[in-house]
Amino acid sequence: MAKVLVIGSGAREHAIAQTFLRSDQVDQVCVAPGNDGMQINPEIKLVAISATQIDALIDFAQTEKIDLVFVGSEEPLTLGIVDAFQEAGIRIFGPSQAAAQLEGSKTFANMILAENDIPTAQSKTVESLEDALEAVPAFGIPVVIKQDGLALGKGVSILESEADLQKLLEQIYHDNESARIVIEEYLDGVEFSIFSFVGENGIVHAPIAQDHKRLLDGDLGPNTGGMGAYSPVRWISDEVRLEAIQNLVLPTIEGMKKKGIPFVGVLYTGVMLTKAGPKVIEFNVRLGDPEAQVVLPQLTSDFYEMLNELIDGVQPRVIWQHDDVYLGVVVAAPGYPESPKHDIELHAYEKNGITINAAALREVLGRYYSNGGRIATFVTHASTATEAQTMVYDYFAEVGMEPLQFRTDIGYQAVQSEAK
């Protein structure tokens, strides 16, 4: 039997660990560092090593004879964790440090898109307030401002007035007068995500997902790391999904190979379906959060076997469910995202039909308390998005979530589509 190490601490990593545990070949999953809430699964062992302590993680993997390592979070990938583990002879699934630039540098990602004529928004990278103010008139309002480095899913601002734009730019360059930012054309349309598990000679594309970035119902309030998601997105046709894979995902993978930076790992392609067709809005080099929580449960074949076959250069044969819609709602601490309060008790529990993916929970004498911003994702599934949405919110009413905050409209576009 195999022993797996998952690197990261949030609800995404809990979902990854739970997916490994469904494999007949895996008997233990270690998560470094994880969080206390993951211990609802007794087969999960928490390891008190930070995701960026690469040498310590290598020592642990060698000592514990870990059979496979899966990196959930982005920071260690951009620090070169995959290169380091491979040099140590440890089996790991993820992109090299060079390939991780697709997420670590918006400028690099835009270069790959431009070199391969992949449809995306027009953009310009600037490194001073003067250059930013000179560039923005060409893009009009609304306009998108992106941090050039890692931003943990929160480095995108959509500015809808010139006053707000001026204020943001002045704040950015007050904090760092040589900050590198990307000014980008605002694309109007429907957003969705594609996860592609990429090996040297094989690719597995997951069902598409749609997440809800804004804090408040109706897509209002500040951007967050994500307040909920659902998958599959049935009201977006298979033809559109295949068009996005053919015109956006595959040319990116081929373009990286041509550049001498082959991509192996999870490629997350954020897509905007515009009137002119699908366009890339962002790349990540790992599973999304909260999308992973609603996509991974749909894999009915063996996750451990799939990843090993991709590493070995084999095209896996996988099975995804098609009967249900999976829907997940994120519960966050009061004050999130600006200043989340800690030590708020979570009274919820797992029950038939509801799965908890713990994101930031601290256990004290058998009770769980918030220890971060987003603290858990609650996932259910049903034959329709409408039914799944009703199930999770009825559950919230039953257990009582106050004073924790959550959106009450996750999956609303699917529900609206089903009502037609």
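Residues take their numbers from the sequence shown, with the count starting at 1. These numbers come from a predicted model, not from an experiment.
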List for me each residue that meets salt bridge (charged side-chain N to carboxylate O under 4.0 Å, His left out) alongside Glu160, sequence neighbours excluded, and say none if there are none.
none

Would you say Gln405's side chain and Ala333's backbone share a donor-acceptor pair under 3.5 angstrom?
yes

Would you find a donor on one side and an acceptor on the other, under 3.5 Å apart, between the side chain of Ser301 and the backbone of Ile319?
yes

Hey, is the main chain of Gly265 close enough, under 3.5 Å, to the side chain of Arg286 for a donor-acceptor pair?
no

Taking Tyr412's backbone N and O only, do any of them form a donor-acceptor pair with Asp409's side chain (distance below 3.5 Å, no angle check)?
no

Here the side chain to side chain donor-acceptor pair (under 3.5 Å) pairs for residues 195-209, sequence neighbours left out, are Ser196-His205

Do NZ/NE/NH1/NH2 and the carboxylate oxygens of Asp131 and Arg180 come within less than 4.0 Å?
no

N-O pairing of Lys259 and Glu115 below 4.0 Å:
yes

Tightest non-hydrogen contact, residues Phe197 and Ala206, listed as CE1-CB, 4.5 Å

Do the side chain of Ser370 and the main chain of Ile375 share a donor and acceptor less than 3.5 angstrom apart?
no

Note: Arg317-Asp302 ion pair, threshold 4.0 Å (strictly below)
no

Atom pair OG1/CD of Thr19 and Gln298 - distance to nearest 0.5 Å
11.0 Å

Would a line drawn from the ring center of Phe396 to the ring center of Phe378 be shorter than 6.0 Å?
yes

Quick one: do Lys275 and Asp188 make a salt bridge, cutoff under 4.0 Å?
no

Side chain of Asn116, backbone of Ile118: donor and acceptor closer than 3.5 Å?
no

